[in-house]
Amino acid sequence: MRGILQSGSLYLSPPQPLEKGTSLISGLSAKLSERHNVSLRDAPIPVLLQLLQDNNVNTLWIQQEPDLLGWEERINDMQELLVGDVEYESVIWRNGLETVSATEIAATFDNDELKHLYGVSPSRPTASRLAALDFINDVRFALPVEELSASRRSAGKATYQYVFDQVNPWQSSSRAHHGVDLIFLFGGYDLTSNPAAAAVAEDMQGRWIAFVNGNVPWNGEKRFAFGPHGKSGEITEEEFAARRRVRHFSLLREMEPVRLGKIFGGLAAGRISLLN
């Protein structure tokens, strides 16, 4: 059995108990009935959208099911896995963090070493917002991919790890943002006007097809990089360290997951947006 994980894992959005969803639905239903005398099922779409906005409901989650119980100890169940991330996954929190002051961000980072490493300071608003995005990117995307891959390799499971760093083909200043890899993978756009993008798309599609058909997409002992500048290929540890914040990973590994989760929640909760 083989699978593909792109731009996240259950470490990003772990399964939530059924009671959480039930409670949310009950609360929203009561408010609809009180304000508009209408049920959740029958409410007009504009009313529903306003309700979600008023109650800061803009996240979805995977519901806890029996098949997902104990998933943390079962990450090696899959025999072969292709897994990776893009360079700027945390862009989906950018708009939300634009409204947060540097003082608030600094207060959320409750570890002085972490503040120093990421460059968080109450006197540096822009740097602190960028630091918050970097932290989110590392703790919920890049580091989990590293940990998952390392665990699988130590268990002798075939793991093909990649990084996707080719920028948005129409707006390079947007960087290699969350979801941009899908443009290259599924080939729904004409990229002939951007030869570098077209080259990455062709290579990526070929390697995904090879994996799906039971072939080896690249050397599983190496990471594979798609982009930037239209170049793709296996990379060394040193090259990987130039693409991801490997030095930051060391400190993150030393900290308690609960503490990291609290910092992430303080920065990210209610601030996700696809309008970036």
Side-chain angles (χ1 to χ4, degrees), residues 1-13 62 67-68 70-89 137-138 140-169 175-244 246 249:
M1 183 168 61
R2 53 182 51 197
I4 299 174
L5 281 177
Q6 294 181 229
S7 294
S9 65
L10 289 180
Y11 290 102
L12 170 66
S13 302
I62 299 173
D67 288 345
L68 291 173
W71 65 268
E72 299 95 332
E73 286 75 45
R74 295 165 49 205
I75 59 176
N76 296 325
D77 283 359
M78 188 73 64
Q79 293 304 308
E80 297 186 43
L81 183 68
L82 191 156
V83 60
D85 61 6
V86 303
E87 180 261 330
Y88 192 19
E89 301 278 13
N137 205 93
D138 292 346
R140 281 296 185 262
F141 292 96
L143 181 56
V145 169
E146 277 293 289
E147 299 293 83
L148 177 62
S149 299
S151 174
R152 287 182 52 81
R153 290 193 184 100
S154 67
K157 301 291 184 180
T159 305
Y160 304 99
Q161 185 181 353
Y162 72 91
V163 291
F164 191 93
D165 294 347
Q166 185 67 28
V167 299
N168 183 301
R175 297 164 50 181
H177 57 76
H178 181 75
V180 78
D181 51 329
L182 304 181
I183 293 171
F184 295 82
L185 177 59
F186 291 109
Y189 297 92
D190 182 4
L191 299 177
T192 54
S193 63
N194 187 326
V200 170
E202 182 179 4
D203 195 16
M204 185 181 191
Q205 291 166 18
R207 293 179 188 280
W208 259 240
I209 291 170
F211 179 74
V212 169
N213 282 281
N215 299 314
V216 175
W218 58 80
N219 180 357
E221 297 301 314
K222 299 278 190 177
R223 298 180 187 85
F224 197 93
F226 295 96
H229 315 308
K231 305 294 184 182
S232 298
E234 294 172 0
I235 57 174
T236 65
E237 292 287 335
E238 291 76 16
E239 289 172 314
F240 175 70
R243 293 169 179 262
R244 298 295 185 268
V246 173
F249 293 170

message: So that I can tick it off, tell me whether R152 and E147 are bridged by a salt bridge, with the cut-off set at under 4.0 angstrom between side-chain N and carboxylate O.
response: no
- request: Indicate yes or no for a side-chain donor-acceptor contact from Q166 to the backbone of G230 under 3.5 Å, with no hydrogens or angles considered.
  value: yes
message: Would you say the ring centers of F226 and W208 fall short of 6.0 Å from each other?
response: yes
- request: Establish, yes or no, whether a centroid distance under 6.0 Å links the rings of F184 and Y189.
  value: no
field: Atom pair CD (Q161) and CD1 (I235), whose distance is rounded to the nearest 0.5 Å
entry: 8.5 Å
- line: Closest heavy-atom pair, N168 versus V180, reported as atoms and distance to 0.1 Å, is CA-CG2, 3.8 Å
statement: Note: M78 and G3 closest approach over all heavy atoms is SD-N, 3.5 Å
Carboxylate-amine/guanidinium contact R175 E87, below 4.0 Å: yes
- line: In short, A241 meets V246 closest at the heavy-atom pair CA-CG2, 3.5 Å
task: Tell me, please, which residues at least two apart from E238 pass side-chain hydrogen bond (donor to acceptor under 3.5 Å, both in side chains).
output: T236
- line: Residues at least two apart in sequence or cross-chain that pass side-chain hydrogen bond (donor to acceptor under 3.5 Å, both in side chains) with T192, listed by chain then number, are D190
query: Salt bridge check: are K222 and E234 linked by an N-O gap of less than 4.0 Å?
result: no
- prompt: Could you give the distance from CG (D85) to CZ (R140), rounded to the nearest 0.5 Å?
  reply: 14.5 Å
task: Could you tell me whether D203 and K231 make a salt bridge, using a distance below 4.0 angstrom between a side-chain N and a carboxylate O?
output: no
field: Flag, side chain of N137 to backbone of E89, donor-acceptor distance under 3.5 Å
entry: yes
Cationic tip of R223 above Y162 ring, under 6.0 Å, 45° of axis: no
- request: Quick one: closest heavy-atom pair of A142 and F249, and the distance?
  value: CB-CZ, 3.7 Å
query: Does the side chain to side chain contact (heavy atoms under 4.5 Å, CB included) test come out yes or no for L148 and L5, once each step is laid out?
result: CA-CA 11 Å; L148 177 62; L5 281 177; 3.9 Å; yes
message: For the OG atom of S7 and the NE2 atom of H177, what is their distance to the nearest 0.5 Å?
response: 10.5 Å
message: Does the plane of the ring in F211 sit parallel, tilted or perpendicular to the ring in Y160? Use 30° and 60° as the thresholds.
response: perpendicular
- prompt: Which atom names give the shortest non-hydrogen contact between R2 and A210, and what distance separates them?
  reply: NH1-O, 4.5 Å
field: Atom pair CD1 (I183) and CG (L191), whose distance is rounded to the nearest 0.5 Å
entry: 8.0 Å
- prompt: Under the 3.5 angstrom rule, does the side chain of S154 hit a backbone N or O of S151 as a donor-acceptor pair?
  reply: yes
task: Apply side chain to side chain contact (heavy atoms under 4.5 Å, CB included) to M204 and S232, showing your working.
output: CA-CA 9 Å; M204 185 181 191; S232 298; over 6 Å; no
field: Gap separating the CG atom of L185 from the CD1 atom of I4, nearest 0.5 angstrom
entry: 7.5 Å
field: Derivation of the side chain to side chain contact (heavy atoms under 4.5 Å, CB included) call for R244 and F141
entry: CA-CA 11 Å; R244 298 295 185 268; F141 292 96; over 6 Å; no
query: Can you tell me how far the CG atom of L81 sits from the CE atom of M1, to the nearest 0.5 Å?
result: 10.0 Å
- request: Test side chain to side chain contact (heavy atoms under 4.5 Å, CB included) on W218 and R207 and set out the steps.
  value: CA-CA 8 Å; W218 58 80; R207 293 179 188 280; 3.9 Å; yes
message: Using side-chain heavy atoms (C-beta onward) and a distance below 4.5 Å, is P217 in contact with L82?
response: yes
- request: Count the heavy atoms of every other residue, nucleotide or ligand shown that sit under 6.0 Å from CD of E202, and state whether that count exceeds 12.
  value: no
